Novice: 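Can you keep this structure in mind? I'll have questions shortly.
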Amino acid sequence: MAIVTLTDICKDYQQGAEPVRVLKNINLSVEQGDYIAIMGPSGSGKTTLMNLIGCLDVPTSGSYVLDGKDLKDLSDDALADIRNRYIGFVFQNFHLLPKMTAVDNVALPLLYAGVPLKERKARAEEALRAVGLEERMTFLPNQLSGGQCQRVAIARAMVTKPALLLADEPTGALDTASGKQIMDIFRQLSQEGMTILMITHEPGIAQCADKVYHILDGRLRTGEGGSTDEE
Amino acid sequence: MIENIRLAFQGIWSHKLRSVLTMLGIIIGIAAIITIVSTIEGTNEQIKENLIGAGNNVVTVQLNKDGYPYDMTWEGIPQGVRVITEDTRKELEQIRGVEKVSLYTARQYVDQVYYQNNQFNGEVYGIDENFLNVYGYQVKSGRGFTREDLESFRKVALVDGNTISTLFGGEDPIGRSLEMKGEVFTVVGVVALSEEFAPTINSYNEYWLYADTSAGAIYLPSAVWPSVYSFDEPQSVAIQVTNTDVMTTVGKEAADLLTAKQIADTESTFDYRSQDMLEQAQQLQSMSQSTNTQLVWIASISLLVGGIGVMNIMLVSVTERTSEIGLKKAIGAKKRRIRLQFLTEAAVLTSLGGIIGVASGVGLAELISNMMQIPVSISVPAILIAVVFSTAIGVIFGLLPAVKAANMNPIEALRRN
Ligand SMILES: Nc1ncnc2c1ncn2[C@@H]1O[C@H](COP(=O)(O)OP(=O)(O)OP(=O)(O)O)[C@@H](O)[C@H]1O
Ligand SMILES: [Mg+2]
């Protein structure tokens, strides 16, 4: 069953007087359990696509069906609710709240989901254990390494058990060893049935995924396996 | 909500200096208002206590001309005003709520009163046997007037403490003779207001009876008054009433009765008017109130400025925390939640300012009270209103920054880092 179905998605940005088309007629179907990497040069529209799939932004035209629901004309709060329930985000620069401990950061999405305090804490601790940070629960972000921060961010993305994990350059700010650690976690999650969509421009990272798409100048092209050439 | 408040305190604590500077406007405004209100309340309470407290339920009814108290010194015997008779006095005593009635004549400014080479320029009263009782004077030394004194026209006098110092140079005046317009009077006693009420009012000339700053007062039996001044002078009436509540009504009733009985011509510009202490207290209170209302307005401007300062800092805070807001929205925080977070922070900030302001205001009021001998009365409702008001300022001026934060586009917000 398709989790994400994009049909003829276009996205324009107003650049001066002229609208600039950043995404051009994107068609994409993500099945339950897929592990997909999207590659493309800088400025090709990867983040823009990711924001659309993550319901952080709305397309100029085309339709987006997420888990069977057409996401047309939804209010900001309705979109926030969908993000909270269906999507886990992992960002390049982690975006952890600096004054909160690891476990509090991880528990935050559960607060917005209306989960009671005790359960929030228990589930956040469980998620941190799953990414191997049981020793670092009460550390502040600035007391953690980059790789550890990203693992906290993954735990935060996973804690709500989302239908879809979106990762925008998850290894972009990390060294090779930490990057590999993150990819191991993703592989593990994928094997447990998690649907993952990951953006990267490192071919080595893209290879970890089952499917690789290329985006070039706003158009999406398919390419199986770890194709390295970017044309 | 509790979480929001905790976070707000955390935020305030992590920017201590900035928070204090932001709160300063609120602190100063609230402190000023609390100080002013406390002083007004204190003054009012003292006025009331001085005038009507301690059982001093006295209404004075005086002859007025054209609406102003009639002054014998300058204007002489008034035409068409009869002298109050013993019968009328009895009639006044019949009014409901009247305890005791005294008739007296008075001169507020006198000359030609001497003891040896000292001249006296205080007040002189011609009094009946009820006078001291009604006004709450006690004989401190010597004796008061006897029926004998009044009936046999004895030239005797009572003096008060101020007269001892201004006229007798501090010496014991009893048995000494003073000269008044060529007549010789023997001082037989010294009087003073009884301890239970020692008013210190001196703002209105109507308060001459209690004026402590005057050169003093000399009391003569009303029977001998004409030997120094004139016959048929219009008397004033002092009425002691049974309780404070009836002062105003008794005063009016007595004044109407006197106007009807004593003044021959109904077209006359003369009439009798009552000046009860309750009424005067209210007049004085409203006077101090109106000057201080202006001060409260000025303090409110400081609050307004403080509120704008809070808004300014909250806007800075929203900008600084753009990425935090973006992240929270991305992982599912709704607008309401973001709005509430910033509103809470602003409200906690100003409430804290309000509480500090109340504390400083109370401290300042106590300090003023100690240094300037002004009574203060800390009003609990005023404190509560001040704190609630400062919270409201936080909510009002925090609204714009909070809405701005809540409406932030999460993509833009996440991009900035
Ligand atoms: N808010 C915006 N307003 C105008 N143009 C925008 C906006 N956001 C993105 N763009 C434009 O859209 C294009 C695609 O941007 P996007 O961020 O999706 O690229 P990207 O593929 O993620 O690049 P990178 O690999 O550098 O992150 C760029 O040319 C960019 O200038
Ligand atoms: Mg990008």
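Order of the sequence lines fixes the chain letters, A, B, ..., with proteins taken first and strands second; residue numbering starts at 1 for each chain. No hydrogens, no waters, no symmetry mates; every other heavy atom, side chains included, goes into these values. Note that the structure is a prediction, hence the values are computed from the model and not measured.
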Novice: Given heavy-atom pairs under 4.5 angstrom as the criterion, report whether the side chain, backbone, both or neither of D57(A) touches chain B.
Specialist: both
Novice: Tell me, yes or no, whether the heavy-atom count around K118(A) atom NZ, taken from other residues, nucleotides or ligands under 6.0 Å, exceeds 12.
Specialist: no
Novice: Under a 4.5 Å heavy-atom cut-off, does chain B meet the side chain of R85(A), its backbone, both or neither?
Specialist: neither
Novice: For atom OH of Y112(A), decide whether the heavy atoms of other residues, nucleotides or ligands shown that lie under 6.0 angstrom number more than 12.
Specialist: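 Correct, the count exceeds 12.
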Novice: First locate atom OG of S323(B), then atom CG of L97(A), and finally report the distance between them rounded to the nearest 0.5 Å.
Specialist: 7.5 Å
Novice: CD of Q14(A): more than 12 outside heavy atoms within 6.0 angstrom?
Specialist: yes
Novice: Donor-acceptor pair, distance only, cut-off 3.5 Å: does the side chain of H95(A) make one with the backbone of E324(B)?
Specialist: no
Novice: Side chains of L327(B) and F89(A): closer than 4.5 Å at any heavy-atom pair?
Specialist: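 Not touching, per the 4.5 Å side-chain cut-off.
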Novice: Which atoms form the tightest heavy-atom contact between L56(A) and N409(B), and what is the distance?
Specialist: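 Looking at all heavy atoms of both residues, the closest pair is O-OD1, 4.5 Å.
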Novice: For a quick test of reading the model, state the closest non-hydrogen atom pair linking K329(B) to R83(A) and the distance between them.
Specialist: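 Closest heavy-atom pair between K329(B) and R83(A): O-NH2, 2.9 Å.
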Novice: Identify which of P109(A), A78(A), P162(A) forms the greatest number of heavy-atom pairs closer than 4.5 Å to chain B.
Specialist: P109(A)
Novice: Measuring heavy-atom distances to chain B, does D77(A) have an atom under 4.5 Å in its side chain, in its backbone, in both, or in neither?
Specialist: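 Both parts, heavy atoms under 4.5 Å.
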Novice: Do any of residues 330-347 of chain B come closer than 4.5 Å to chain A, heavy atom to heavy atom, and if so which ones, in number order?
Specialist: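 Those residues of residues 330-347 of chain B which have a heavy atom under 4.5 Å from chain A are A330(B), I331(B), G332(B), A333(B), K334(B), K335(B), R337(B).
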Novice: Where on I87(A) is there a heavy atom nearer than 4.5 Å to chain B: the side chain, the backbone, both, or neither?
Specialist: neither
